[in-house]
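Structure record follows, encoded as structure tokens.
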Amino acid sequence: MRNPAPCALLLLLVALALTQYCAGSHWLQTFNIMILEYGIWEPRFIQVGYVDSIQFQGFDSKGGTARMQPRAAWMGQEPPEYWEKETEEALLLSERDRQLLRIMKHHSDQRLNGGGADYHTLQEVFGCNVANDGRFLRGHYRLAYYGYDYIILNENLSSWTAEGKAVKNLLNSWEAEAERWRTYLQEDCMERLLRCLDLGKETLLRSEAPQTLVTHRVRPEGNVTLRCWALGFYPADITLIWQRDGNNHTQDMELPDTRPAGDGTFQKWAAVVVPSGEELRYTCHVHHEGLPEPLTLKWEPPAPRIPIMEILIGLVLGTLVVGTVVIFLVWKK
Ligand SMILES: *[C@@H]1O[C@H](CO)[C@@H](O)[C@H](O)[C@H]1NC(C)=O
Ligand SMILES: *[C@@H]1O[C@H](CO)[C@@H](O)[C@H](O)[C@H]1NC(C)=O
Ligand SMILES: *[C@@H]1O[C@H](CO)[C@@H](O)[C@H](O)[C@H]1NC(C)=O
């Protein structure tokens with residue numbers, strides 16, 4: 001069996017990582033992907049930069065020019081020197097990742113076209129989150145080889161967690177790396193993020209209130225799932241809470257991660273299972289900065305059907321009967 005094409009894999013990795021690190025008001029995230037395909041000598045290096053869920057710049061070594069390119073309109077305000085510097089940094093990183101890939105390939109059991117693999121991948125994801133008051137909230141760094149082996153910077157940004165033979169080998173020499181990444185995440189990454197938020201403020205600092213609704217679904221065993229939806233909101237921070245008779249009903253609440261809608265906005269839902277007939281005791285509460293005040297929603301039972309056909313038929317029959325009586329009376333006279 002062949003592996004999925006590198007490009008499909010790349011998209012999947014990006015999508016997974018985005019939802020994983022979305023928490024926090026605003027964040028900056030960089031993805032580096034090095035792909036070494038069987039039969040192709042030069043590995044391909046791709047870098048994409050996201051602020052919140054919006055791509056703002058990108059680099060692809062396969063492109064003829066191999067330069068860092070703006071991917072968001074507001075990045076056009078950056079001077080040529082910025083793009084020179086970013087291109088230089090991307091090239092340095094790609095050189096470093098190429099060496100890492102070669103080292104890992106050497107130590108790993110995966111063999112090109114031997115273990116059924118048609119390509120090797122090295123993936124790096126790192127970024128920082130800023131708190132509402134503009135301070136550094138947290139940072140993350142993760143390097144994955146071939147999807148299985150990985151090394152993660154611990155949350156305190158001072159030590160590593162590693163899994164897999166190829167990566168554990170790195171650990172010995174990576175003590176100083178943690179320090180380097182901590183400085184990068186707390187300083188350079190934050191500086192870049194704040195600059196992006198300033199340049200793209202009309203896009204990134206806007207707030208779009210969620211559109212909300214409650215759906216109702218009868219389950220096979222007879223209970224009812226009430227699902228409270230929030231769609232098309234920005235930024236990602238939102239609170240959805242179900243209450244029963246005015247008390248928080250969080251313990252049985254299903255609440256998946258907030259997910260990007262793909263158009264720069266976000267989606268989320270919260271669901272509870274309730275006994276049929278008790279739906280109206282439950283309310284959903286939505287807090288979001290785009291709302292002037294928190295919303296309270298309830299399931300709205302469908303309005304009782306108005307029997308228009310019956311009324312029409314009744315009217316027609318009534319008219320016929322009255323008409324017949326009148327005609328009869330006139331005829332009799
Ligand atoms: C950082 O966190 C890791 C794992 O949680 C822990 O093993 C390590 O001792 C911590 N280091 C410091 C300096 O707190
Ligand atoms: C209900 O949950 C919300 C959000 O977690 C919390 O802010 C609030 O204080 C809770 N209310 C009660 C009565 O526990
Ligand atoms: C759902 O139905 C089952 C079986 O009828 C019942 O035991 C359970 O308590 C119900 N759950 C809720 C939340 O009403």
Side-chain angles (χ1 to χ4, degrees), residues 20-25 125-129 131-132 136-144 149-164 167-187 189 209-210 212 214-230 233 235-258 266-299 301:
Q20 206 174 340
Y21 296 111
C22 270
S25 256
V125 187
F126 49 88
C128 50
N129 290 48
N132 283 329
F136 172 82
L137 192 61
R138 63 178 160 272
H140 60 90
Y141 171 91
R142 178 191 173 99
L143 174 79
D149 301 19
Y150 59 82
I151 182 164
I152 298 177
L153 188 58
N154 290 327
E155 209 168 327
N156 57 25
L157 308 183
S158 57
S159 60
W160 300 98
T161 300
E163 189 58 64
V167 170
K168 277 192 172 148
N169 240 293
L170 281 178
L171 269 183
N172 307 330
S173 54
W174 268 39
E175 286 308 317
E177 282 291 283
E179 171 89 49
R180 214 171 63 79
W181 279 105
R182 185 169 68 236
T183 310
Y184 168 81
L185 295 172
Q186 291 178 342
E187 292 166 21
C189 181
T212 52
V214 172
T215 56
H216 177 280
R217 190 181 187 126
V218 180
R219 295 159 60 88
E221 85 280 3
N223 293 335
V224 167
T225 303
L226 290 178
R227 185 168 282 125
C228 182
W229 292 85
F233 56 89
D237 262 2
I238 196 165
T239 311
L240 295 182
I241 283 260
W242 273 104
Q243 290 188 349
R244 178 187 158 100
D245 299 333
N247 300 314
N248 280 359
H249 189 75
T250 42
Q251 79 275 25
D252 304 321
M253 190 167 78
E254 200 188 340
L255 188 72
D257 285 341
T258 304
F266 293 92
Q267 308 178 335
K268 196 180 187 75
W269 55 261
V272 282
V273 176
V274 315
S276 175
E278 294 188 6
E279 292 92 333
L280 296 182
R281 296 171 69 177
Y282 293 80
T283 48
C284 170
H285 301 260
V286 184
H287 299 251
H288 185 266
E289 68 167 60
L291 294 167
E293 54 190 67
L295 285 179
T296 302
L297 299 136
K298 253 191 177 136
W299 175 59

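It should be emphasised that the depicted structure is a prediction, and the values quoted were computed from it without experimental measurement. Whatever order the structure lists ligands and atoms in, that order sets their numbers, starting from 1. Each residue takes its place number in the sequence, starting with 1.
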Can you give me a line-by-line list of nitrogen or oxygen pairs between ligand 2 and the protein shorter than 3.5 Å?
unit_1   : atom_1 : unit_2 : atom_2 : d
ligand 2 : 2 (O)  : Asn248 : ND2    : 2.3
ligand 2 : 11 (N) : Asn248 : ND2    : 3.0
ligand 2 : 14 (O) : Asn248 : ND2    : 3.3

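The ring of Tyr184 has its center no closer than 6.0 angstrom to the ring center of Tyr141.
Annotation for Pro275 and Tyr282: closest pair CD-OH, 3.9 Å, computed over non-hydrogen atoms.
More than 12 heavy atoms of other residues, nucleotides or ligands lie within 6.0 Å of CD in Gln251, so this atom counts as buried by the packing criterion. Other residues, nucleotides and ligands contribute at most 12 non-hydrogen atoms within 6.0 Å of the CZ atom of Arg217. Heavy-atom contacts from other residues, nucleotides or ligands closer than 6.0 Å to CD of Glu278 number more than 12.
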One pair to check against side chain to side chain contact (heavy atoms under 4.5 Å, CB included): Trp229 and Val214. What are the steps and the verdict? CA-CA 6 Å; Trp229 292 85; Val214 172; over 6 Å; no
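Atoms of ligand 1 lying under 4.0 Å from at least one heavy atom of Ser158, given by number and element, are 11 (N), 12 (C), 13 (C). In the vicinity of Asn223, heavy-atom distances shorter than 4.0 Å reach the ligand 3 atoms 1 (C), 2 (O), 3 (C), 8 (C), 10 (C), 11 (N), 12 (C), 14 (O). Within ligand 3, counting atoms from 1 as listed, the ones closer than 4.0 Å to a heavy atom of Val273 are 13 (C). Near Ser159, meaning under 4.0 Å from one of its heavy atoms, ligand 1 places the atoms 1 (C), 2 (O), 3 (C), 8 (C). Residue-ligand proximity, Asn156 to ligand 1, at heavy-atom distances under 4.0 Å covers atoms 1 (C), 2 (O), 3 (C), 8 (C), 10 (C), 11 (N), 12 (C), 14 (O). Those atoms of ligand 3 that come under 4.0 Å of a heavy atom in Glu221, given as number and element, are 1 (C), 2 (O).
Atom CD1 of Ile241 and atom SG of Cys284 lie 9.0 Å apart (nearest 0.5 Å). For the atom pair NE2 (His288) and NZ (Lys268), the distance works out to 11.5 Å, reported to the nearest 0.5 Å.
With Trp299 as reference, Leu226 is the one residue of Thr215, Leu226, Thr283 to meet the side-chain contact (heavy atoms from CB on, under 4.5 Å) rule.
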